[in-house]
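One structure follows; several queries about it will come next.
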Amino acid sequence: MNSNFRQPDTASDVPHRASDGSQFWRSLEELEGDDAFFVALRREFPEYANRLTDGATRRQFLQLMGASLALAGMQGCVEQPQEKIVPFVQAPEQIVPGKPLYYSTAMTHDGAGIGLLAESHMGRPVKIEGNPLHPAVPEIMSAAAETNRLRFGASDTFAQASVLSLYDPDRSQTVLRDGQISTWDAFAAELQATLSTLAEAGGRGLRILTETVVSPTFADQLRQLVELYPNAAWHQYEPINHDNELLGSRLAFDADVQTIYHVEAADVIVSLDADFLADGPMHLQQARGFANRRRVDSTGAASAASMNRLYVVESSLTVTGAAADHRLPLAPRAVAAFSLRLAQALGLQLEASESAENATSVGDQIPQEWLDAVAADLQQARGRGLVIAGRAQPPFVHAIAHWINATLGNVPGSVEYVEPIAARPELQLDSLRDLVNSMRAGEVHALVILAGNPLYNAPADFHFAAALENVPLTVHLSQYEDETSARCRWHIPELHFLESWSDTRAGDGTVSIVQPLVAPLRSGKSLHEVLATLLGNFAASSYEIVRSYWRSRLEAQSTEANSDVVWQQALHDGIVANTGSPAVQPTIRGDFAAVLGRQLSLSLPAGEGISVVFRPDPSLWDGRFANNGWLQELPRPLTTLTWDNAALMAPATADALQVKNGNVIEIIVEQTAISIPVLITPGQSANVVTLHLGYGRERAGRIGNSVGTNVYPLRSSGAMWHAEGAEIRATGRTHKLALTQHHHVMEGRNLVRAGTLTEFQEHPEHPAFMFEGHVPAEDVSMYPEHKYDGYKWGMVINQAACIGCNACVVACQAENNVPIVGKGQVLNSREMHWLRIDHYYRGSPENPEHYHQPMLCQHCELAPCEPVCPVAATTHSSEGLNEMTYNRCIGTRYCSNNCPYKVRRFNFLDYNRELRQDAVLQLASNPDVTVRSRGVMEKCTFCVQRISAARITAEKEDRKIRDGEVVTACQAACPTEAIVFGDLNDAGSRVRQESASALNYSVLGELNTRPRTTYLAVVRNPNPALR
Amino acid sequence: MTAPANYFGVLAEFADADELVAAAREVHAAGYREVEAYSPMPVEGLAEALGFRRTRMRLVVLVGGIIGCLSGWALQYYTSVIAYPLNVGGRPVNSWPSFVPVVFEMTVLVAALSAVLGMLAMNGLPRPHHPLFGIPQFDRASQDRFFLCILARDPMFHPMSSRQLLERLGPVEVTDVPQ
Amino acid sequence: MPNELETKHEPFLERGHSMASVTNKISSIVLARGLRWGWVWGLAISFAGLMLFLVSVTYLFAVGVGVWGINVPVAWGFAIINFVWWVGIGHAGTLISAILLLFRQEWRTSINRFAEAMTLFAVACAALFPLLHLGRPQFFYWMAPYPNTMGIWPQFRSPLIWDFFAVGTYATVSLLFWYVGLIPDLATLRDRARRRFPQIAYGILAMGWRGSARHWKRYQDAYVLLAALATPLVISVHSVVSFDFATAIVPGWHSTVFPPYFVAGAIYSGFAMVLTIAIPLRAAYGLHDFITDRHLDNMGKVMLASGLIVAYGYLTETFTAWYSGHEAEWYAIGNRAGGPYAPIFWLLIACNIVLPQALWFASVRRNVFALFALSLVINVGMWLERFVIVVVSLHRDYLPSSWAMYQPTFWDWSTYIGTIGLFASLMFLFIRFLPMISIFEMREMVEESAQEHA
Amino acid sequence: MPQIFHPSMNTISRATIFGAVFIIGFIGWLMGAVVRSPYATSAGVIKEQPVPFSHEHHVAECGIDCRYCHTSVEDSSFAGIPPTQTCMNCHRELWTESPILEPVRASYRTGEPLVWNRVHDVPDFAFFDHSIHIRKGVSCATCHGAVDRMPLMHREATLHMEWCLECHRQPERFVGPRELVFASAASPADESKVAQSNWIEAYHVQSKTDCSVCHR
């Protein structure tokens, strides 16, 4: 892997590279029709283990009818077609054919940026990694010896999957006017005309609707716009926003602040319905911080102090809840009540009001000992405690969290406040309400919607579609021609962040420059360009806009001479130095108790019956990723549901309603009804139904259309997160839910080793819970041992650290060209993921303990799969890898039968047919990994392509591969460093240390398979008081 | 009456097996050695009566078996130890216990083939054309009649005397068999 | 060798038969001009089945093994079930001819010929499945050891390679055995045929056999030696097939009892299939003189015996599972009896163990209809047994996280039924064009019985 | 009854049975021969190219080093095909009028790349890395043959797996001193013979035959 480019001098040409790149791509577009060229392009990465077209087309079927049995023989001898080589006309600098380059960029998600490294092969990005220099991104193997190795940072599912969206064939490609293909110039002309009329009135009637804006450049453009048209207005709306946090901070401090949690600093963490391990601008750092405090070493003593304790009070099961030491499932309003009670227990004085009464009455389902234990723990951990409120909780819960953290002196230890990172912090719900009202009132003459899909995801009671009818000129910029585009006069294709310039801010305000990896694959415009046209500049390119903004800004502030140097450094590092938001020390307002009292009455909706809880979907978020096959097929954490959303409910609730998995129920909230299948989820709070947003899209694309159920119709401005008093009735219909795991009970098998910290400390050297059930026998083989001198690759997975966030699964899919198979195939257990996260629970179905067990090829030294292969298609390498040679495989599937871990995946059908047919989609494939054909087995290879790349580099330098030089895709993505990979023969390697731990064990070790992938047991830290 | 040179032999037809065996003994006792008997099914003691005892089939099969056994083992040893030694599931390259089944099958296969081919070869089959097939009544040799034939190549053969000898043995009929 | 059974019981060949009569009776079935309607219809129906098979295979090759219901964890489905089932059926023939020959049970004489034919056709059907079930059937030949440009060879530790050799050898040897047995009869047909074409056809096949005493002598030696080779072969083949399961670590497969009880099972289903064919045959062609009730009776006894061994196999399996002390092993057994596929398991117990106990009664063994019904029941039962072994063991193995169900698709069924069509078609052609009972061996029996009553 | 068969059938029938063995053997041998023949491998077959480029002329006569055009051969898996610009570096001055060079000039003018026919085309499931082989002292000529004697480019090797294994199993037979890696194909073998095994030690050549070395 090349890393030289990371020195500034080479990075200094980045803009040139882009232009060269674009030239290359423009020539591509010229040649678009030319097959030969695409053949040549395809040459860039491997195709199929055999080149047969395994088609099921009717024509082929007829052709084959005659041949029948004889056919098999004939197919064998198909000769390779002539391949072409197409060199550059002018070789671009930096690009060495056949070697990847890494460029730093950033992705904006949920109103904050996450820094990324994009791996580019011959100018096409194929893999995303986290940028370790970015404040929101924890580094992987940071401890490893500092070599010229490439440093990776963690990332999340959305970042990993973003590269697939870039090549999505369904992305819109042309400007549309009323659905008819039009041109940018036509648009510009019409816009100009309208603007000129609006100009007199100072732009009155011009409205801009954006999503949360954090981009400094964009903010600057908006500022200019408002200067130009003083009477124009800019609104922000995202269905999943931070309104409650904002209100909460105003409530507590009477100020807008951005809260930063230093989870690692906290000994006791209380989550009030906060999914802080997977949600929030800094969730990767939070997850890392949490995990770092869950590791215990064999010296039990030391670990006692080091290990934190997590209490989670939540109404809907989350990965954070699954990771908790103590989890309390409550109805939403009970969560609010709990926080109030907690505050009171910690000394908050509320004058007795009916609202307080209300709170207490609602809270009667809260176990008192729980409350006491948490309060006591927090008290005891003064200054080292942390209370986090979830975005779904009403503002006063956030206020209470602030209050507790302040009162217990957790600020600045584990909580820190900085100025808001948003360009204009505001209550987005109100912002949208204003817009809709003026639309209804006919005050809006031109509405420019820059990204976002309000027609699909605006609160139902706003009737956005109807309001839109009153607007003469509507413009919608979006990557897909979606629901909103369909109702707007103009649709402008939006560029993907990997193909346009921009900038963004991390959760702490640090700015990253978003630089493109390729010139646009499809003609489109960026936010900046469209806004520039509003400012009268029709020709400006994103690069010029962003560059000029930063030139002026850097020249303004940068003391040292050349702003270009700073700019180059920023491009290279992926962050602009010291741009973080300034810290603030807000103080709890004096009249806190009073204000709070007033809030309570509004915030604690009474009401009986079933509460419906709306949550962002772990895969599709608010629906924007609906057309991303990787995310659609990604088993949702804990439920392993794919290709659908469902009404998640507790077993008890399901019994009460007399429904089973897959039964379609009708949920009625205020006369609005939706039909959605049931999925029973142990751990879900009683009488609470969780609905995930983002499904039932009508115009998402071929993949996302009409997958799942659209639950936005139930979501009104009054009930953005919780709807009380829902009515549910069974419809008698059923719907097949594609789950990748049907059975979450261990059937008394000792598959996951788990114990408590106390148990561990009794015998840190050999904890009792490590020796329950079967213990692998020592050399029971009649054959002699195989010796592995040289490298001995192995992996250790720390189950205590794994939070089941799925980032590794998508990373693996992206790195290894793992195909998408579709719902039908998943229903028949044919999903292809090389790495899956098994989930088991222990204990009562009401509130069980959850365990994640990432399961991938264990690379057994005595692999059962190998001796049964008749053609030696799967064998052992001299470094102990269990190798799968696709092109030798004839597909007996015996290896899969004989694999106790069932990690082998088989191409039952031609899963790459579409890939082969779509020249652009092909560009997403990793050229270092074979794209498998029909009828061959495949499985995790420990990213052998990365090992081999590292080996070649090392060999060329006449040295051994250093620890941390080979980082598998899953390891690189993991925010908690739960996955460690390396050479077991290297005494200094981290994997060696972890494999020596007293908590290390092999799954099914008693079968004497001698796995190279071993696990570290789960150690939890429950509060003795709650035993 | 044709010259001896054109003779294949004289053929006597009998009604049942016992007569044939008896006749065979007589002819053999009379000193004829190039004599052949034909029956629609194997007849106990007939071949012995003609002085034919050892078939050497067992030897053929034994040799075949040994060849099969060795080649089976050699094939596996060569491919997995010499040609491309691979670490398969941590087993040693020469994991002989796993080689036993194929060795056994190869043994049986070659042995069986040599049995059949050996039998055909020693019987001088296939031989779709044969002088006897020219004799109409010989059809019944494969159905319900028994034949004894003194071949012309026997040194003692004489068209007249041999014929008379056979006629004395009470056959249904005696025929000359032309070449 | 006079057999005292002969004198006590009724003979295996009805009285009053001469060599001429048996020869005539059997060979005329083949040499008769014209076709019987029954035969034509039978062949037509079986041929339809064969066509269904060809369509299924074509579709299979066009789309891939994904057209079947298989998945992960159940990566083997009908294909392997049918393979084992057919191979099992393919055991009776050689067993009857070879083992009974060595034990000098001459009641084999009247049934060995078509039993062997049945063996060949069953093995042919069986041999198709390992090829069809490959993900990339076009590369099946990689299983054969031949010097290639890849410089790589088959992997001889794999039971599938053992299968390849075992089934290959078995097919070859069975063919030789069958053909050698046919030679004298082909000569008979050659000599009895009156039309030119049959004369030439049978003539070529008969290789000029003329029943010379010396030939007979060598012939008999070779035949006995073949039998001696075939006997261990029969045992080995199904043992090797059972290795596919026994050497794997799948709970419910990994058991040392598999080889013996697979062989027993094979004999069980084999004899059942012989009866399924023999009973209609003797009715259709009036062969009651040759295939007497005593034949049926004996076969009934053999089935009863082998059936009991199979039952014992089930018990041993259960015991070892319990004795192993591994949850997965014990769960696998429980899952058969109480899991989602329990009905199939209990049906199998009924078919293979409970109902066949009726064979204890001579009256049942002598009752053609009861026997025929039982033979069908056992065929079904043995198929279900393979289903339980293959599918029910796989669908829930070590990690509960990967448990799943298996549902056969239309194409699973059509391929299976198709091979039955193939089998039946071959069978019909055989009975029309080759003597279904060994003529020369019947002549021997005539001779012997003649001597006895003299 | 008359004879069914003519006497000659005796010979014929035997001949067919025992002949079959030899026929089968022959067919086997023939197939083996065909797959290794240029017909199947197209080794030694000259491919049509947009420009009749002569390695003999440029390497042997002009003495241009391999790396002048195949720039990335030392640090990438892909040796690299020169951009049109590289050709024009010289041909801006030389043979500026020559008609055979017109495609090159055209490409340079229009920006349309030249489209060459690949001569050494390893199957897509086999991964080969030039740089490491160069580094370990495998000379260009070892695989590509005497390129400097090829007026028109053709492939020497069959590129069969057995051919790769030949070297991976006995590197000492092919590995030579690094200095001679780019030497003209004169006779690198001889020099490397001098101290065969040394190179293996010196360069830590560990040519593996693990499947994943080439198949990923």
Side-chain angles (χ1 to χ4, degrees), chain B residues 16-17 24 36-43 46-47 49-50 52-53 55 57-58 61 65 72 75-76 78-80 83-84 86 88-89 91 95 98-99 101-102 104-106 108-109 111-113 115-116 118-120 122-123 125-130 132-133 138-144 147, chain C residues 18-20 23-24 145 151-159 161-162 165-166 168-170 172-173 176-177 179-180 183-184 187-188 190-192 203-204 206-223 225-226 229-230 232-233 236 239-240 243 440-441 443-444 447:
Chain B
D16 78 42
E36 189 52 274
Y38 304 92
S39 56
M41 78 278 185
V43 175
L46 180 57
L50 296 169
F52 177 73
R53 281 182 177 67
T55 62
M57 283 307 301
R58 288 172 190 71
V61 173
L75 170 72
Q76 299 185 80
Y78 170 75
T79 55
S80 18
Y84 203 145
L86 282 164
V88 173
R91 317 294 197 267
S95 33
S98 321
F99 297 166
V102 171
F104 172 80
E105 302 298 340
M106 288 290 285
V108 173
L109 180 62
L113 280 170
V116 175
M119 184 269 285
L120 290 179
M122 289 193 281
N123 285 353
L125 297 177
R127 187 168 183 197
H129 174 95
H130 191 280
L132 286 168
F133 294 149
F138 190 74
D139 283 5
R140 299 183 68 178
S142 67
Q143 300 175 45
D144 56 353
F147 295 85
Chain C
S18 73
M19 291 191 194
T23 309
N24 181 28
I152 187 164
W153 296 82
Q155 204 278 100
F156 283 100
R157 296 167 196 80
S158 168
I161 288 291
W162 307 345
F165 277 80
T169 306
Y170 186 57
T172 321
V173 173
L176 291 173
F177 200 55
Y179 177 65
V180 169
I183 290 177
T188 310
R190 173 199 61 203
D191 298 342
R192 286 178 61 87
I204 289 175
M207 290 193 173
W209 180 265
R210 51 192 186 280
S212 135
R214 290 182 172 79
H215 289 188
W216 275 123
K217 184 83 176 157
R218 295 202 187 86
Y219 178 92
Q220 281 183 298
D221 281 9
Y223 199 66
L225 284 165
L226 270 183
L229 287 168
L233 181 62
S236 84
S239 304
V240 167
F243 289 164
F440 81 90
E441 286 175 310
R443 290 200 207 94
E444 275 184 291
E447 182 73 3

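Letters go in sequence order (proteins before strands), and every chain restarts at 1.
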Checking side-chain contact (heavy atoms from CB on, under 4.5 Å) for the pair C/Trp216/B/Leu46: CA distance, chi angles, key distance, verdict?
-> CA-CA 9 Å; C/Trp216 275 123; B/Leu46 180 57; over 6 Å; no

Measure distances from C/Glu441 to the heavy atoms of chain B and classify the residue's part below 4.5 Å as side chain, backbone, both or neither.
-> neither

So C/Met207 and B/Asn123, side-chain contact (heavy atoms from CB on, under 4.5 Å) or not? Walk me through it.
-> CA-CA 11 Å; C/Met207 290 193 173; B/Asn123 285 353; over 6 Å; no

Just by distance, do the side chain of C/Arg443 and the backbone of B/Gln143 share a donor-acceptor pair under 3.5 Å?
->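 Here the side-chain-to-backbone pair exists.
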
So how far is it from C/Phe156 CZ to B/Ser95 OG, rounded to the nearest 0.5 Å?
-> 11.5 Å

Segment of C/Leu229 engaging chain B (4.5 angstrom heavy-atom cut-off) | both

Is there a donor-acceptor pair closer than 3.5 Å between any side-chain N or O of C/Trp162 and the backbone N or O of B/Glu105?
->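 Pair absent, no side-chain N/O of C/Trp162 close to backbone of B/Glu105.
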
When rounded to the nearest 0.5 angstrom, what is the spacing between CG in B/Asp16 and CE in C/Met19?
-> 7.5 Å

If you tally heavy-atom pairs under 4.5 Å between each of B/Ala24, B/Pro40, B/Ala49, B/Gly65 and chain C, the highest tally belongs to B/Pro40

Closest approach of C/Trp153 and B/Ala83, non-hydrogen atoms and distance?
->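 Nearest pair, atom of C/Trp153 first, then B/Ala83: NE1-CB, 3.5 Å.
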
Straight-line distance of B/Arg53 CZ to C/Lys217 NZ, nearest 0.5 Å |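 Reported value, rounded in 0.5 Å steps: 9.0 Å.
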
Could you have a look at B/Pro101, B/Ala47, B/Ala115 and say which one has the most heavy-atom pairs with chain C under 4.5 angstrom?
->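 Looking at each of B/Pro101, B/Ala47, B/Ala115 in turn, B/Pro101 comes out on top.
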
With a 4.5 angstrom heavy-atom cut-off, could you sort out which part of B/Val43 is near chain C: side chain, backbone, both or neither?
-> neither

Is it the side chain or the backbone of B/Phe147 that comes within 4.5 Å of chain C heavy atoms, both, or neither?
-> neither

Dump the intermediate steps for side-chain contact (heavy atoms from CB on, under 4.5 Å) on C/Phe165 and B/Leu109, then the final yes or no.
-> CA-CA 9 Å; C/Phe165 277 80; B/Leu109 180 62; over 6 Å; no

Among B/His129, B/Arg140, B/His130, which residue forms the greatest number of heavy-atom pairs with chain C at distances under 4.5 Å?
-> B/His130

So which of C/Ala222, C/Ala206, C/Ala166, C/Ala20 has the largest heavy-atom pair count under 4.5 angstrom toward chain B?
-> C/Ala166

Pick whichever of B/Met41, B/Met106, B/Gln76 has the most heavy-atom pairs under 4.5 Å with chain C.
->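 Looking at each option in turn, the highest pair count goes to B/Met41.
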
Give, as side chain, backbone, both or neither, the part of B/Leu113 having an atom under 4.5 angstrom from any heavy atom of chain C.
->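 For B/Leu113, heavy atoms of backbone and side chain both lie under 4.5 Å from chain C.
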
Measure C/Thr169 against the heavy atoms of chain B and call it side chain, backbone, both or neither at under 4.5 Å.
->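 Both backbone and side chain.
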
Decide side-chain contact (heavy atoms from CB on, under 4.5 Å) for C/Arg214 and B/Met122; before the verdict, give the C-alpha distance in whole Å, the side-chain angles of both, and the deciding distance to 0.1 Å.
-> CA-CA 10 Å; C/Arg214 290 182 172 79; B/Met122 289 193 281; over 6 Å; no

Measure the spacing between CE of B/Met119 and CD1 of C/Ile183 and express it to the nearest 0.5 Å.
-> 5.0 Å

Go through the atoms of C/Gln220 and report whether side chain, backbone, both or neither lie under 4.5 Å from a heavy atom of chain B.
-> side chain

Which bit of C/Pro232 comes within less than 4.5 Å of chain B, counting heavy atoms only: side chain, backbone, both or neither?
-> both

Identify the heavy atoms of B/Leu75 and C/Pro145 that sit nearest to each other, and give their distance.
-> CD2-CG, 3.8 Å

B/Phe52 CZ to C/Arg218 CZ distance, which is reported to the nearest 0.5 Å | 4.0 Å

From OG (B/Ser142) to CZ (C/Arg210), nearest 0.5 Å =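 Rounded to the nearest 0.5 Å, the OG-CZ separation comes to 13.0 Å.
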
C/Leu225 portion near chain B, given a 4.5 angstrom heavy-atom threshold = side chain

Search all heavy atoms of C/Gly208 against all heavy atoms of B/Phe133 and return the closest pair with its distance.
->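 Closest pair (atom of C/Gly208, atom of B/Phe133, distance): O-CZ, 3.8 Å.
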
Considering only heavy atoms and a distance below 4.5 Å, find which of C/Leu226, C/Val173, C/Asn24 pairs most often with chain B.
->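 It is C/Leu226.
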
One option among C/Ile152, C/Thr23, C/Asp221 has the most heavy-atom pairs under 4.5 Å with chain B, and it is C/Asp221

Side-chain donor-acceptor contact under 3.5 Å, B/Glu36 with C/Ser212 = yes

